[in-house]
Amino acid sequence: MKITRYIPLLAVAAVMWSCDEVDEGDRYIEMPTIEAQKAVLVLDFTGQECTNCPKAHLSIESMEEQYGDAFIPVSIHAGVQSLSYTSTRRVGLATPLGETYDTYFGIAPHGYPSIVVDYNSSSIYSGTSSEWVDPCRNAMAKEAVVQIEAEATWSTDADGNVTIDVATTMMASQDLKCKLQLWIIEDSIVAPQKGVDDNPGWDNTYVHNNVLRAAINGDWGQDVNLDDNVYTTSSASFTITTDWEKTWVVDNLRVVAFCYTDADGVLQAIRQPVLPAL
């Protein structure tokens, strides 16, 4: 699919926040048309005490609006500027799962916010500069060697427990060994955040989106062997059981499914809403 989009000057000049304001009509510059062959998965390593992180969120929201399903962000709260989900002082969004990915990608020395493009440890960029925009666009233009479809539904058992079921179908254009990863993310979470509108204090009404909640099929997914032009199906489930998990709003949950290899990163990704089972 061809995509002609506009990149906000907010992203281009994000490291120059003390500069003069840009007029409303000059905040977008036209970029050349790209042929989006695959979706790009963008990991946003962030924290609620990170005063620069809301600026990165704005850039991500702009990219998401511009590129639609070809741009899939996941907000991972981790590191020293994050608040744990176990916090009793404020609603926290950091989890042990997020810390696992933070450690694996070595985010702490880069600082927060940091962006990882397509699950590749060699593609780590500042979340408040424009250097990650071109890698994202380049990733979308790569040939998709894997097709992936996913359907996510939720149902309630007799005890009131909610289970999320995910069915995926994959096909590759060559014999391929890869991993399938399934994540649960949540939108519209109202939780405190510092740095909103350059205010160093807390904004207790901030809305967080694309927040990583859980991995359905293990921290690193499951091994999948794909044969050339043969459909392969897989299913997995996640039951919401803990008190913390029961604070999630099911209607705001989505599933991110992606195939990746350690050598090449994400080969294809898809994001789907979690819908009530029929």
Side-chain angles (χ1 to χ4, degrees), residues 39 41 43 48 64 69 72-78 82-102 119 146-171 178-192 204-226 231-260 268-278:
L41 180 69
L43 309 186
Q48 290 167 266
E64 187 177 11
D69 293 338
I72 301 177
V74 175
S75 182
I76 300 178
H77 288 253
S82 65
L83 291 179
S84 171
Y85 77 105
T86 62
S87 173
T88 57
R89 297 183 298 114
R90 294 182 172 89
V91 176
L93 302 176
T95 63
L97 179 64
E99 297 292 349
T100 295
Y101 298 138
D102 187 275
Y119 221 56
V146 176
Q147 298 177 25
I148 181 169
E149 297 179 356
E151 181 180 76
T153 59
W154 66 269
S155 58
T156 306
D157 63 19
D159 296 323
N161 295 316
V162 173
T163 295
I164 297 170
D165 295 300
V166 182
T168 58
T169 301
M170 296 156 285
M171 186 176 71
C178 60
K179 286 183 177 292
L180 170 66
Q181 179 73 71
L182 303 173
W183 282 340
I184 297 172
I185 64 173
E186 186 174 357
D187 292 330
S188 304
I189 302 172
V190 178
N204 294 317
T205 62
Y206 190 76
V207 178
H208 297 262
N209 291 309
N210 309 307
V211 176
L212 178 65
R213 286 307 207 181
I216 295 176
N217 58 343
D219 293 1
W220 303 107
Q222 64 196 74
D223 293 326
V224 177
N225 293 325
L226 301 178
Y231 285 106
T232 299
T233 60
S234 177
S235 60
S237 299
F238 182 94
T239 300
I240 295 175
T241 56
T242 69
D243 289 342
W244 170 66
E245 292 166 356
K246 291 178 181 179
T247 66
W248 305 350
V249 178
V250 178
D251 289 342
N252 294 338
L253 298 180
R254 291 189 283 181
V255 165
V256 173
F258 60 97
C259 294
Y260 75 98
Q268 186 59 287
I270 191 171
R271 178 181 57 192
Q272 294 290 80
V274 180
L275 302 175
L278 298 178

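- Rounding to the nearest 0.5 angstrom, the gap separating the CG atom in Leu275 from the CG atom in Asp251 is 9.5 Å.
- With sequence neighbours left out, the salt bridge (charged side-chain N to carboxylate O under 4.0 Å, His left out) criterion links Asp223 to Lys179.
- Panel note: side chain Thr100, backbone Pro96; a donor-acceptor pair is recorded below 3.5 Å.
- Closest heavy-atom contact between Glu99 and Ala78: OE2-CA, 3.5 Å.
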Report all side-chain donor-acceptor pairs from residues 207-216 shorter than 3.5 Å, counting only partners two or more places apart or in another chain.
residue, atom, partner, partner atom, Å
His208, NE2, Ala191, O, 3.1
His208, NE2, Pro192, O, 3.4
Asn209, OD1, Ser188, N, 2.8
Asn210, OD1, Arg254, NH2, 3.1
Arg213, NE, Glu186, OE1, 2.9
Arg213, NH2, Glu186, OE1, 3.1

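- To the nearest 0.5 Å, atoms OG (Ser155) and CG (Leu278) are separated by 11.0 Å.
- No side-chain heavy atom of Cys178 sits less than 4.5 Å from a side-chain heavy atom of Tyr260.
- For the pair Val274 and Thr153, the tightest heavy-atom approach, listed with the atom from each and the gap, is CG1-C, 4.0 Å.
- Atom CD1 in Ile76 sits 8.5 Å away from atom OG1 in Thr95 (nearest 0.5 Å).
- Of the possible polar contacts, none joining the Gln181 side chain to the Asn217 backbone as a donor-acceptor pair under 3.5 Å is found.
- Contact record, Ala39 with Ala269: CB-O, 3.5 Å, taken as the closest heavy-atom pair.
- Heavy atoms only, all atoms of each residue included: Leu226 and Met170 are closest at CD2-CB, 4.0 Å.
- Summarising the geometry, atom CE belonging to Met171 is positioned 12.0 Å from atom CD belonging to Gln268; distances are rounded to the nearest 0.5 Å.
- Counting only distance, with no hydrogens or angles, the side chain of Gln272 and the backbone of Ala150 share a donor-acceptor pair below 3.5 Å.
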task = Apply side-chain contact (heavy atoms from CB on, under 4.5 Å) to Ile184 and Trp248, showing your working.
result = CA-CA 11 Å; Ile184 297 172; Trp248 305 350; 4.3 Å; yes
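- In terms of modelled atom types and a separation under 3.5 Å, the side chain of Asp159 and the main chain of Asn161 share no donor-acceptor contact.
- The minimum heavy-atom distance linking Arg90 with Leu83 is given by the pair CB-CD1, 4.0 Å.
- Qualifying ring-ring contact (aromatic ring centres under 6.0 Å, His included) partners for Tyr85, counting only residues two or more places apart in sequence or in other chains: Trp244.
- Take Gln147 and apply the side chain to side chain donor-acceptor pair (under 3.5 Å) test, not counting sequence neighbours, and it matches no residue.
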inquiry  = For Ile148 and Phe258: C-alpha separation, side-chain torsions, deciding distance, then whether side-chain contact (heavy atoms from CB on, under 4.5 Å) applies.
reply    = CA-CA 8 Å; Ile148 181 169; Phe258 60 97; 5.8 Å; no
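- Partners of Tyr101 under the side chain to side chain donor-acceptor pair (under 3.5 Å) rule, at least two apart in sequence or in another chain, are Trp183.
- For Gln48 (side chain) and Val91 (main-chain N/O), a donor-acceptor pair under 3.5 Å exists by modelled atom type.
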N/O donor to acceptor pairs below 3.5 angstrom from side-chain atoms of residues 233-242, sequence neighbours left out:
residue, atom, partner, partner atom, Å
Ser234, OG, Gln222, NE2, 3.0
Ser237, OG, Asp165, OD1, 2.4
Thr239, OG1, Thr163, OG1, 2.9
Thr242, OG1, Glu245, N, 3.1

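- Pairing each heavy atom of Tyr231 with each of Thr169, the nearest pair is CD2-CG2, 3.6 Å.
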